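Worksheet: one structure, shown below.
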Amino acid sequence: RLLLCLVLLLPALLAVGMDDLVTSLPGLLFKPNFQTYSGYVNANTEETWKMHYWLFESRNDKDKDPVLVWLNGGPGCSSVAGMFEELGPFYVKFDGNSLFENVHSWNQRANVLALESPIGVGFSYDTKTANYSVANDDQTASQNYQALKDFFKRVQKTYGDRDFYLSGESYAGIYIPTLSKLLVKGIKSGDFPNKNFKGAAIGNGFMDVPKLMNSLVLWGNYHGRMAVEDWDKVKSECSTGGSDVEKYDFTKYFKSDNGMDFFSDGSVCGNLTAPMLVLDDNMDQYNFYQDCYAGTSIVLPNVGRGAKGIKRRRPKRSAAWKFADSENPANDIWADSTDTQQGYPCWNEDAVTFYLNRADVQDALHIPQEWRDSRKQWVDCNDPIYDQYHLTYTTTYGFFNYVLMEYDQPFRFLIYNGDVDTVCNYLGDAWLMRDVANNNDMNHNPRVQWYFRNQSAGYSQNYQSKDGSKNIDIVTVKGAGHFVPNDRPGPSAQMITNFMFPQQANGMINYSDDKLVDPVPTPLPLVNGGNGGNSSPKPGDSTTSSSTTVSLFLAMIIVAGAM
Ligand SMILES: *[C@@H]1O[C@H](CO)[C@@H](O)[C@H](O)[C@H]1NC(C)=O
Ligand SMILES: *[C@@H]1O[C@H](CO)[C@@H](O)[C@H](O)[C@H]1NC(C)=O
Ligand SMILES: *[C@@H]1O[C@H](CO)[C@@H](O)[C@H](O)[C@H]1NC(C)=O
Ligand SMILES: *[C@@H]1O[C@H](CO)[C@@H](O)[C@H](O)[C@H]1NC(C)=O
């Protein structure tokens with residue numbers, strides 16, 4: 001009977017290209033009600049560039065819900081890390097060995113497809129060159145296009161006509177507009193297999209370098225980082241034409257070696273304003289108000305990460321959390337804390353790196369020997385890729401215009417920003433999108449507050465084309481830094497889901513709507529009634545989660561029954 005099921009099931013799996021099903025994930029503490037698939041798609045026609053993907057099926061209706069592609073930035077940082085550290089359903093415990101649930105994961109109503117891009121990042125690799133680390137904007141866009149083309153071809157039956165959206169963060173502010181242009185071209189020419197490209201969401205995007213740098217000087221001054229005397233001097237001496245300080249082009253006083261990281265050119269104005277571009281080492285560039293605390297109890301070997309404190313990454317620091325003291329409530333108030341997550345943002349990178357370098361985890365994710373021979377270590381962000389990278393597009397303005405003007409289907413951009421990020425601040429991105437909206441003669445709708453669980457979650461503003469078919473939503477997420485899904489999990493899940501399911505006839509989205517996503521989700525049941533965490537494996541141990549195996553067999557019987 002069981003054998004029969006397996007025989008029947010095999011073609012069903014292969015039909016969706018899904019010999020990549022993840023059947024057991026070591027250290028899983030809960031019983032997922034969704035499946036995941038991990039494997040490779042080709043990122044060039046020669047099939048020498050193997051891009052790793054991890055697909056998280058929707059918790060709701062995997063057969064109808066859209067595909068949401070996710071890309072982390074860097075350049076050189078892994079989207080699989082983004083799954084564990086931000087929007088995926090699995091978060092890693094501080095022991096680096098077990099996975100607990102992110103109840104606000106973005107696969108609530110979407111099949112989330114994480115791509116480790118470009119080639120060289122994470123588990124992605126080149127079959128000809130070990131440690132391949134050559135990347136640039138156009139090559140990355142092409143790799144992403146080819147990888148998605150290969151994905152949709154392989155899963156034609158399941159996903160060929162499915163609505164799909166792009167999403168990503170930070171340097172994906174360049175990946176996504178450049179890829180969107182290629183997709184629109186490919187759909188128009190008939191080259192791309194899925195025509196239902198519906199929208200793109202960019203979080204804290206690196207989309208316009210001059211606008212981000214210039215706004216960051218203002219942001220720094222207005223967040224208490226400069227003496228009033230110095231600011232007066234900036235206003236009087238650093239004008240680049242006109243007297244409106246908001247329109248000064250401070251980038252005239254900056255230098256850069258790679259088009260991404262800037263420093264003073266040695267002038268008076270450069271020396272006054274360039275310090276606004278970076279925070280001190282003991283602060284978090286990615287969240288102005290987030291602290292991590294020394295005195296950690298977390299014992300993980302220092303794995304994987306490059307030693308350099310590169311600006312576009314989360315700094316590695318230690319953290320400690322003072323757990324509740326039921327004896328004396330006076331001890332429960334921790335006056336120093338700015339941390340809602342028991343230090344998770346501070347140590348998750350180490351925990352993820354430890355977890356993904358376990359051989360049994362790599363087995364579960366179908367990572368081939370070829371990758372293991374070439375790369376040996378999975379790292380969150382790849383230093384050689386970043387170090388050789390030189391940005392090509394200082395602004396993505398033309399790519400947004402191309403999509404809005406040339407695409408003959410309705411389309412929506414969501415530009416969301418955690419409002420306390422300094423790396424890619426909300427103001428520079430808002431300036432860019434205002435210019436794009438004006439260039440496309442779009443209506444400006446009023447900026448309104450939006451809510452999550454009846455609390456203010458930020459502001460949203462809509463720009464709409466005269467015929468209503470093109471929309472740009474500008475959303476700020478209150479109190480979030482660069483990594484919005486991690487800093488504000490619930491609001492971010494509500495936001496991204498509403499983005500994919502516009503409910504209003506006029507094409508506008510009410511980001512406060514909580515009909516589609518449960519704002520107070522109940523965690524899924526634990527394995528072994530909750531004792532899973534006590535049996536955390538030692539590094540190198542091979543474990544199988546009984547729960548995923550059981551649910552796989554259930555799925556097999558259901559599939560077989562349906563046939
Ligand atoms: C700017 O700062 C640099 C480094 O401290 C210094 O060498 C240079 O003289 C300063 N420029 C001016 C105009 O003061
Ligand atoms: C690739 O780089 C890693 C980390 O620097 C190193 O351990 C490994 O030996 C390299 N692989 C090859 C084949 O050179
Ligand atoms: C928000 O407020 C309304 C009206 O008071 C209430 O019915 C609802 O339960 C609240 N929602 C949440 C998530 O607390
Ligand atoms: C948006 O949705 C919220 C929550 O359902 C509701 O209270 C509010 O009235 C809606 N706003 C508009 C403009 O429809």
Side-chain angles (χ1 to χ4, degrees), residues 60 103-104 106 108-110 199 201 213-214 216-217 220-221 225-240 245 248-257 261-281 309 311 412 414-416 419 442-465 468 471-480 484 488-521:
N60 172 51
V103 297
H104 294 292
W106 284 17
Q108 313 268 339
R109 275 181 188 262
M213 297 304 128
N214 286 326
L216 188 53
V217 173
N221 176 57
R225 300 197 59 217
M226 210 188 272
V228 287
E229 292 81 3
D230 285 342
W231 189 243
D232 283 340
K233 205 165 165 188
V234 167
K235 283 193 284 187
S236 64
E237 293 181 28
C238 303
S239 171
T240 53
V245 70
Y248 291 8
D249 183 9
F250 301 113
T251 63
K252 291 217 158 69
Y253 311 116
F254 302 152
K255 289 205 294 201
S256 176
D257 295 326
D261 300 302
F262 291 82
F263 46 90
S264 170
D265 67 354
S267 65
V268 173
C269 286
N271 284 7
L272 280 169
T273 54
M276 296 301 103
L277 305 181
V278 266
L279 298 182
D280 295 328
D281 282 349
K311 185 168 146 269
R412 180 181 299 276
L414 163 61
I415 307 301
Y416 68 89
D419 63 5
M442 297 172 93
N443 293 328
H444 294 212
N445 288 304
R447 194 169 192 250
V448 296
Q449 238 187 114
W450 68 285
Y451 296 87
F452 175 73
R453 297 186 64 181
N454 298 331
Q455 304 276 357
S456 171
Y459 294 89
S460 74
Q461 182 175 17
N462 168 271
Y463 297 118
Q464 193 172 60
S465 62
N471 284 274
I472 302 174
D473 295 334
I474 311 296
V475 172
T476 61
V477 183
K478 181 166 80 74
V484 173
R488 290 293 179 270
S492 83
Q494 180 177 299
M495 174 196 73
I496 201 71
T497 304
N498 282 326
F499 158 71
M500 291 181 287
F501 294 88
Q503 291 185 309
Q504 279 161 278
N506 61 4
M508 303 262 285
I509 288 178
N510 179 354
Y511 283 96
S512 307
D513 210 313
D514 63 3
K515 286 185 204 63
L516 293 172
V517 179
D518 183 355
V520 201

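What you are looking at is a predicted structure, and each value in this text was computed from that prediction instead of being measured. Counting starts at 1 for both ligands and their atoms, following the listed order.
Annotation: the span from Lys252 atom NZ to Thr273 atom OG1 amounts to 12.5 Å, rounded to 0.5 Å.
Atom OH of Tyr459 has 12 or fewer heavy atoms from other residues, nucleotides or ligands within 6.0 Å.
Scored by the salt bridge (charged side-chain N to carboxylate O under 4.0 Å, His left out) test, Asp232 finds Lys235 as partners (sequence neighbours excluded).
Asp419 places a side-chain heavy atom less than 4.5 Å from the side chain of Lys478. Using a 4.5 Å heavy-atom threshold, the side chains of Cys269 and Val234 count as separate.
Close approach of ligand 4 to Asn510 (heavy-atom distance below 4.0 Å) involves ligand atoms 1 (C), 2 (O), 3 (C), 8 (C), 10 (C), 11 (N), 12 (C), 14 (O).
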When you look at Asn214 and Asp249, which way does the side-chain hydrogen bond (donor to acceptor under 3.5 Å, both in side chains) test go after all the steps? CA-CA 6 Å; Asn214 286 326; Asp249 183 9; 3.1 Å; yes
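Screening Asp518, Val517, Asp513 against Lys515 for a side-chain contact (heavy atoms from CB on, under 4.5 Å) leaves a single residue, Asp513.
Taking distance alone, with nitrogen or oxygen atoms compared against 3.5 Å, Lys515 stays at or beyond that limit from ligand 4.
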In a simple table, one pair per line, please give the protein and ligand 1 atom names for every N or O pair closer than 3.5 Å, along with the distance.
unit_1: ligand 1; atom_1: 2 (O); unit_2: Asn271; atom_2: OD1; d: 3.3
unit_1: ligand 1; atom_1: 2 (O); unit_2: Asn271; atom_2: ND2; d: 2.3
unit_1: ligand 1; atom_1: 11 (N); unit_2: Gly266; atom_2: O; d: 2.7
unit_1: ligand 1; atom_1: 11 (N); unit_2: Asn271; atom_2: ND2; d: 3.0

